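In what follows, a structure is listed as structure tokens, so that the remarks can point back to it.
Because the structure is predicted, anything quoted here is derived from the model rather than measured.
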Amino acid sequence: MAREALTMGRPAPRGIRSIPGLGAPGRTDLPVLKPFRPATTGPDPMLVVRWVAGIPPWVPVMLFVAALAWPAIAAAQVRYSYGDATEALWRWIPFLVTSGFFFNVLISVLSMAIGTVLGAALGLAQISLYRPVRQAAWFITQLFRNSPWLVLLFIVLLAFPFEVTLFGTVIPIPDWTKAVFGLSLPVMANISEIVRGAVQSVPTAQWEASESLAFSRRQTLWQIILPQCYKRMIPPWMNWYAILTMATPLCSLLGVEELITLTRQAMESENNHPELLVPFYTFALLLFFAYCYPIARLTIALERRFAVKL
């Protein structure tokens, strides 16, 4: 009876014959599914279009004006303008230059001096005739050349003691001296590559001529090869000094009282108004630019002067 109820009153689809014993001709007792229609979800796009079209034109204009006026309203509420921030900067400029940027320059000069001496020795060790010395120098160069500067600074800060006792006298080790040693390590590695490349850039005929004159390897290196390398090494050396100077603000993460650290302390003394950020950090940027840009221009001039004329 249930099968007959399902098929009663429905014509059989074309191509389907009646099955003997299961129903009348032209009908079937098989269930037939109706076409599937997915339910629509979400608002009708036409309703959204009609709703947007019905908004008065003055509404978006008022929203735009409110968005533009919001910063001015907020500035009026705090009663601290960029003029006040600039005035505060003028009061702090002598302190930031003498006590802050001076330490950046000092750290860069000392780090470059130590890195140059160690890097020159390491670069000469890379061209040594003794294989163990050459391999050890290559490993040290690649290790510090391909290590992040900030990671090296943290390692030096944690590995070095804060004070040493010598003959019963306690000698404190300031943080800026650790920063000098930490920055000198990557400089040493890069100077090593500069020295090695400069020595190898000298034509081999210079070595052969010195050997024909019975010069020893030491005499050849110090009297013939290295004097020709100085002009090749000066431009990249100055370039690395500029890069080192711009990297000295990393020392602020170690607590060294340099320009960026003192800038942050000066803004805290002025109650940390947001308007102080742009003038103070722009002044720090201009200080580094005024110091490094002449070095960059001098480097370009030296490269043109010492360029090989073909």
Please test Arg91 against Glu270 for salt bridge (Lys or Arg N to Asp or Glu O under 4.0 Å), starting from the C-alpha separation and ending with a verdict. CA-CA 11 Å; Arg91 294 195 303 268; Glu270 296 291 336; 2.9 Å; yes
State whether the side chain of Asn239 and the backbone N or O of Pro235 hold a donor-acceptor pair below 3.5 Å, judged by distance alone. no
Surrounding CD of Glu257 (heavy atoms of other residues, nucleotides or ligands, distance under 6.0 Å), is the total greater than 12? no
Go through Glu193 and Gln126 one step at a time and tell me if the side-chain contact (heavy atoms from CB on, under 4.5 Å) criterion holds. CA-CA 9 Å; Glu193 284 294 290; Gln126 287 196 81; 3.2 Å; yes
Would you tabulate the side-chain donor-acceptor contacts of residues 180-191 under 3.5 Å, counting partners in other chains and residues two or more places apart, or write 'none'?
residue : atom : partner : partner atom : Å
Ser184  : OG   : Val180  : O            : 3.4
Ser184  : OG   : Phe181  : O            : 2.6
Asn190  : ND2  : Pro186  : O            : 2.7

For Ala198 and Ser201 the tightest heavy-atom approach is O-OG, 2.6 Å
Assess, by modelled atom type and distance only, whether the side chains of Glu268 and Asn272 contain a donor and an acceptor separated by less than 3.5 Å. no
Could you tell me the separation between the CD1 atom of Ile127 and the CZ atom of Arg196, rounded to the nearest 0.5 Å? 9.5 Å
Taking every heavy atom of Val195 against every heavy atom of Ala120, the minimum-distance pair comes out as CG2-CA, 3.9 Å
Going only through I, L, V, M, F, W and Y residues with side-chain contacts under 4.5 Å, is there a path from Leu129 to Phe215? no
Go through the steps to decide whether Val202 and Cys229 satisfy the test side-chain contact (heavy atoms from CB on, under 4.5 Å), and finish with yes or no. CA-CA 8 Å; Val202 177; Cys229 296; 3.8 Å; yes
Judged by modelled atom types alone, do Gln219 and Ser210 share a side-chain donor-acceptor pair under 3.5 Å? no
Derivation and outcome, side-chain contact (heavy atoms from CB on, under 4.5 Å), residues Leu122 and Phe144: CA-CA 12 Å; Leu122 195 62; Phe144 292 112; over 6 Å; no
Would Trp240 and Met112 count as a side-chain contact (heavy atoms from CB on, under 4.5 Å) if you check the C-alpha gap in whole Å, the side-chain angles of each, and the deciding distance to 0.1 Å? CA-CA 9 Å; Trp240 272 108; Met112 197 68 192; 4.2 Å; yes
Using the rule that Ile, Leu, Val, Met, Phe, Trp and Tyr join whenever any side-chain heavy atoms are under 4.5 Å apart, tell me whether Val151 and Val156 fall into a single cluster. no
Is there a donor-acceptor pair closer than 3.5 Å between any side-chain N or O of Gln228 and the backbone N or O of Ile225? no
What donor-acceptor contacts under 3.5 angstrom involve side-chain atoms of residues 277-298, with partners at least two apart or in another chain?
residue : atom : partner : partner atom : Å
Thr282  : OG1  : Val278  : O            : 2.5
Tyr291  : OH   : Tyr241  : OH           : 2.6

Which atom pairs, one a donor and one an acceptor, fall under 3.5 Å between side chains of residues 100-107 and the rest of the protein, sequence neighbours left out?
residue : atom : partner : partner atom : Å
Asn104  : OD1  : Leu259  : N            : 2.9
Asn104  : ND2  : Thr248  : OG1          : 3.0
Asn104  : ND2  : Glu258  : OE1          : 3.0

For the side chain of Ser128 and the backbone of Leu124, is there at least one donor-acceptor N/O pair under 3.5 Å apart? no
Once you round to the nearest 0.5 Å, how far does CD of Glu208 lie from OG1 of Thr204? 5.0 Å
Should we say atom CH2 of Trp207 is surrounded by more than 12 heavy atoms from elsewhere, each under 6.0 Å from it? yes
To the nearest 0.5 Å, how far apart are OG in Ser269 and CZ in Arg264? 12.0 Å
Where is the tightest heavy-atom contact between Ala209 and Ser212, given as atom of each residue plus distance? O-OG, 2.5 Å
Within this structure, what is the OG1-CH2 distance for the pair Thr299 and Trp237, rounded to the nearest 0.5 Å? 9.5 Å
Kindly work out whether a path of hydrophobic side-chain contacts (I/L/V/M/F/W/Y, heavy atoms less than 4.5 Å apart) joins Ile194 to Trp222. yes
Ser252 versus Thr261, closest heavy-atom pair with distance: CB-OG1, 3.1 Å
Atom CG in Leu158, atom NZ in Lys178: separation rounded to 0.5 Å? 8.5 Å
Provide the closest heavy-atom pair for Leu153 versus Ala179 in the form atom of the first, atom of the second, distance. CD2-O, 3.8 Å
Establish whether Val256 and Ile155 are linked, either directly or via other cluster members, by ILVMFWY side-chain heavy-atom contacts under 4.5 Å. no
Grouping I, L, V, M, F, W and Y whenever their side-chain heavy atoms are under 4.5 Å apart, do Val117 and Leu221 come out in a common cluster? no
